[in-house]
Amino acid sequence: MYSFPDNFLWGTATASYQIEGAVSEDGRGRSIWDTFCHTPGKVFHGDTGDIACDHYHLWRQDVELMARLGLNSYRFSVAWPRVQPDGAGPFNQAGLDFYRRLLDYLAEHGIAAAVTLYHWDLPQALQDAGGWTNRDTAGRFADYAQEVVRRLGDGVRLWTTLNEPWVSAHLGYGNGIHAPGVADLSSAYRAAHHLLLGHGLAARAVRSVMAPGSSVGITLSLSPARPASGSAADVEAAARVDGYANRWFLDPVLRGEYPEDLAGLLRPLVGEDHVRPDDLATVQAPVDFLGVNYYFCQTVAAAQGAPLPGDQPFPDFLRAWGRPSPAVPVTGKGWPIEPEGLTQLLTRIDTEYGHLPLYVTENGAAFPDYVGPDGAVNDPERTEYLDRHLKAAHDAIAAGADLRGYFCWSLLDNFEWADGYSQRFGLVWVDFKTRERIPKSSALWYAGVVSRNGLLPGE
Ligand code: FCB
């Protein structure tokens, strides 16, 4: 039996724009994702989050579903434009009331809440003033975060400032695959800095008002970077990708500095005028925990000669290609399945960045699920994926990491950003015509893991 520590949090994760729908109800303002989805050609199939899983109306049934699965925690995000429509100025009581009711109902069912304050749905009004490339957005975010915590405070176990600032900066402002759709390296690094600054300001602001028993941290997307071969060129390319994907965020948050190897490469390209002298001390605000989102490793080759088909382009300045081994199986989204990367990541953070409490705030996989003739959704690939990753998490605990919880991405099939509804990550199937929910076989398996607080060896 692979037993997990006492009081381990077992949950699922979601994000506001991916599940809520109700984009024009009860005073919600517009977000950059509303604009992006309604711009032709941006999202697969022209899908939008206008209705999504209709969680804004079906939240009671979703909480009851979690309770039936025996989950003891739930990670969700607050939609900034639902509670502060223009990202500055007045708050919208109806929006706050929605989250208050949700928190109360979770508490009634003994489910601890982990609340993300920013999972990418920036108010459009702030984007109109430059969004995250504008330094002012960092201050706006801290003000919003503090007010939300003041008003919703009770009953939240974990407050997370940002979800995956790497994705916000690089997909939102670097290659434009995500909202707001800007494709410019310099904008990506300005955005990354202001996101980090916003995190630091918000972490302090939240701490000053949060209820006893709450903690505050940040969630980062992290990917171990491995050289595709033992050649010096590949090893160096992997180190650059590690700087880009991991250390650019871990180092400022936990050490108060940017990694000099990557900073040296970037300086001539993007300048540093957006970084002010005291900023990094602000970014390094004390955090009570780190949230880790893990999906895959990066296998990196030095860019030389002609790219092979399938080489994923990193920004040119990295002179690196992503070259996963064809022998590694992939999920429905094409992401390599490498559970040992999770062990490596958690133990690395523990040894290199201090023995701080860790949560896996996201991990999961999309597969082309379908409803069988008997009405059931059987997804053994997802069960196997989760089983292997949970064993990998257990290995990290055995090696000393202070891992305190695991949130499977996701509770429900939902709006998967630029992929629209084409990628199903849920433990629970959603019919996007009727909004019916059907727990998949992986959900029932996960419920068993939670009830035993561990995995059976043969599973
Ligand atoms: C992460 C996001 C989450 C979801 C998963 C699949 O990067 O945080 O919203 O889209 O990927």
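First listed ligand is number 1; within each ligand, the first listed atom is number 1.
Proximity to Phe425 (heavy-atom distance under 4.0 Å) selects the following atoms of ligand 1: 6 (C). Of all atoms in ligand 1, listed by their number and element, those nearer than 4.0 Å to a heavy atom of His119 are 2 (C), 3 (C), 8 (O), 9 (O). Close contacts of ligand 1 with Trp417, meaning ligand atoms under 4.0 Å from a residue heavy atom, involve 3 (C), 4 (C), 9 (O), 10 (O). Which parts of ligand 1 touch Asn163 is read off a 4.0 Å heavy-atom cut-off, strictly below it: atoms 8 (O).
Using modelled atom types and a 3.5 Å distance limit, the side chains of Arg226 and Gln344 yield a donor-acceptor pair. Donor-acceptor pairing under 3.5 Å is recorded for the side chains of His193 and Asp279. With no hydrogens or angles considered, a side-chain donor-acceptor pair links Tyr385 and Asn363 at under 3.5 Å. With 3.5 Å as the limit, one finds a donor-acceptor pair spanning the side chains of Asn293 and Thr361.
Polar contact with ligand 1: present for Gln18 (N/O pair, distance under 3.5 Å). In terms of N/O distances under 3.5 Å, ligand 1 is not approached by Trp120.
The residues Asp34 and Arg28 are annotated as salt-bridged, a charged nitrogen and a carboxylate oxygen being separated by less than 4.0 angstrom.
Taking the six-membered ring for Trp and thresholds of 30 and 60 degrees, His55 and Phe98 have ring planes more than 60 degrees apart, a perpendicular arrangement.
Glu164 OE1, 2.5 Å is the protein heavy atom nearest to atom 7 (O) of ligand 1. The single protein non-hydrogen atom nearest to atom 10 (O) of ligand 1 is Glu416 OE1, 2.8 Å, given as residue, atom name and distance. Annotation: atom 5 (C) of ligand 1 to nearest protein heavy atom, Tyr295 OH, 3.2 Å.
For the ring-ring contact (aromatic ring centres under 6.0 Å, His included) test with Tyr118, the passing option among Tyr17, Trp159, Trp132 is Trp132; the others fail.
Within the 4.0 Å heavy-atom criterion, the part of Glu362 lying near ligand 1 is the side chain and not the backbone.
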